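The structure appears below as structure tokens.
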There are 2 protein chains.
Amino acid sequence: MARRTPSAPELHRRAVATYVAAGGEESVQRVITAVQSLTKKLDQWYVRQLADLDVTAGEWAVVTSLAKAGEPLTPSQLADLTNVAPSSMTHRLDKLAGRGLIERTPDDTNRTRIFVNLTEEGWRLFSLAIRGSDVVESDVLQDLSDQERGELARLLEVVIDRLDDIDA
Amino acid sequence: MARRTPSAPELHRRAVATYVAAGGEESVQRVITAVQSLTKKLDQWYVRQLADLDVTAGEWAVVTSLAKAGEPLTPSQLADLTNVAPSSMTHRLDKLAGRGLIERTPDDTNRTRIFVNLTEEGWRLFSLAIRGSDVVESDVLQDLSDQERGELARLLEVVIDRLDDIDA
DNA sequence: TACGAACTATTCGATGTCGAAATATTAGCA
DNA sequence: TGCTAATATTTCGACATCGAATAGTTCGTA
């Protein structure tokens with residue numbers, strides 16, 4: 001047998017120590033590393049849960065992007081939002097359209113463009129999955145009081161406010 | 001031209017509103033959504049920066065896992081740590097070994113197992129990339145005081161402490 | 001109007017990833 | 001010891017993704 005896989009907190013401590021030893025700043029690495037390991041766990045759960053609905057993470061990303069936008073999006077915009085090449089999006093949309101979750105409608109004012117929409121069935125899938133994932137997410141935050149959750153959200157939102165300025 | 005891509009903060013607000021409308025809890029969604037959009041941006045930057053070093057995100061995940069472990073790992077362990085199928089790891093390791101970044105050594109006490117190690121060259125790549133990414137990460141947190149960074153890290157670590165208990 | 005640059009979606013070949021099966025070894029136990 | 005179940009890695013065929021090239025459209029401007 002292999003050594004037991006270390007716990008998440010233990011992995012976190014080691015990761016921070018390693019990054020600091022390699023020249024990273026501790027106050028930075030504690031935050032960044034924590035965010036990453038949290039996302040990793042969340043992704044694992046999403047993949048599992050979505051598999052029950054026969055949806056891949058990539059397909060789910062398209063569905064949520066459309067739901068959040070609240071308006072039709074083009075394949076290029078969807079590719080940007082989901083961090084994927086435009087050519088990959090073509091195939092993904094083919095598959096999703098085949099399952100009746102989205103529909104493509106040409107833009108009459110610009111014939112190079114195509115609008116992608118969630119269908120009724122797509123919206124149904126969205127609400128279903130959201131209600132499921134909110135359960136897991138609530139579990140993750142159960143050790144934080146309401147006030148702490150608010151503080152955590154506030155601090156993260158300060159960080160997000162700066163995001164666009166950086167890669168410009 | 002398409003409508004301008006909304007800013008990160010704007011996307012965040014819309015996302016939270018959409019999830020809450022679909023049945024999610026607001027205090028949960030504010031945190032989870034923020035974590036996700038932060039990770040997404042970070043990933044974009046990592047991919048770009050690693051491309052300069054001719055390394056993919058998947059290959060980088062292997063290098064960091066080995067660096068953080070501080071000891072040899074098996075292909076299966078690496079597959080677990082990087083959220084990838086064991087069969088995919090075989091090919092990744094082939095490529096990394098071909099570039100001299102890792103080496104495989106058989107385990108004499110258990111001949112079904114193989115140990116994977118970072119080479120000198122692998123460690124060199126690791127330190128190089130870390131110093132580069134710490135710059136971006138510091139920029140991301142520049143609007144937080146030292147005290148706020150500590151508080152943010154603390155709250156995230158409370159969350160992480162619970163992670164292992166949940167999917168059991 | 002006419003032309004070239006910029007944009008949009010798609011196709012195409014190469015590569016990465018997946019799940020299942022194959023191979024080899026170890027562990028548990030009668 | 002001998003047999004079965006479990007573990008670890010790799011191979012294999014199917015599918016997803018990528019970057020480059022293609023085809024069609026719009027925009028700016030001469």
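The structure presented is a predicted model; accordingly, all values stated were derived computationally and were not measured. Atom set for the values below is all heavy atoms of this structure, side chains included, hydrogens, waters and symmetry mates excluded. In the text below, chain A, chain B and the rest are named by the order of the sequence lines, each starting its count at 1.
The interatomic distance linking B/Trp60 (CH2) with C/dG16 (C1') rounds to 20 Å, in whole Å. One interatomic measurement links the two molecules: CG of B/Asp108 to C1' of C/dT25, which rounds to 14 Å at whole-angstrom precision. The distance from atom CD1 of B/Ile114 to atom P of C/dA24 is 14 Å, rounded to the nearest whole Å. Protein atom CG of B/Leu93 is 15 Å distant from nucleotide atom P of D/dA8, rounded to whole Å. Atom CZ of A/Arg48 and atom P of C/dC18 are 16 Å apart (whole Å). When rounded to the nearest whole Å, the span between CG of B/Asn110 and P of C/dT23 equals 20 Å. Atom pair B/Leu81:CG and D/dA8:P shows a separation of 14 Å (rounding to whole Å applied). Protein atom CG of A/Asp43 is 16 Å distant from nucleotide atom P of C/dT17, rounded to whole Å.
In this structure a side-chain-to-backbone donor-acceptor pair under 3.5 Å is present from A/Arg92 to A/Gly58. A/Asp164 contributes a side-chain N or O that, together with a main-chain N or O of B/Ala8, makes up a donor-acceptor pair within less than 3.5 Å.
Within the 4.0 Å cut-off from OP1 or OP2 of D/dT17, not a single side-chain nitrogen or oxygen of A/Ser88 is found. The phosphate of D/dC15 has neither OP1 nor OP2 within less than 4.0 Å of any side-chain N or O from A/Lys95. Residue B/Arg111 places no side-chain N or O under 4.0 Å from the OP1 or OP2 atom of D/dT7. Distances shorter than 4.0 Å separate none of the side-chain N or O atoms of A/Ser87 from OP1 or OP2 on D/dT17.
Ranking D/dT9, D/dT10, C/dT17 by closeness to the B/Arg92 side chain, first place goes to C/dT17. Here D/dT17 is the nucleotide among D/dA8, C/dT10, D/dT17 with the atom lying nearest to any side-chain atom of A/His91. Distances from the side chain of B/Pro75 to the nucleotides D/dT10, C/dG19, C/dG16 place D/dT10 closest. Comparing C/dT10, C/dT8, C/dC18 by their closest approach to the side chain of A/Arg113 singles out C/dT8. Between D/dA8, D/dT17, C/dG16, one nucleotide has an atom nearer to the side chain of B/Thr112 than all others, and that is D/dA8.
Proximity of A/Gln29 to B/Asp134: side-chain heavy atoms (C-beta onward) are separated by under 4.5 Å at one or more points.
Using a cutoff of 4.0 Å between basic side-chain nitrogens and carboxylate oxygens, B/Glu151 and B/Arg154 are scored as salt-bridged.
Looking at heavy-atom distances under 4.0 Å, B/Pro86 makes contact with a base.
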A/Glu10 vs A/Arg14, test: salt bridge (charged side-chain N to carboxylate O under 4.0 Å, His left out). Steps then yes/no. CA-CA 6 Å; A/Glu10 176 59 24; A/Arg14 282 197 212 174; 3.3 Å; yes

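For A/Met89 and A/Thr109, each mapped to the nucleotide of DNA chain D holding its nearest heavy atom, the one lying further toward the 5' end belongs to A/Met89.
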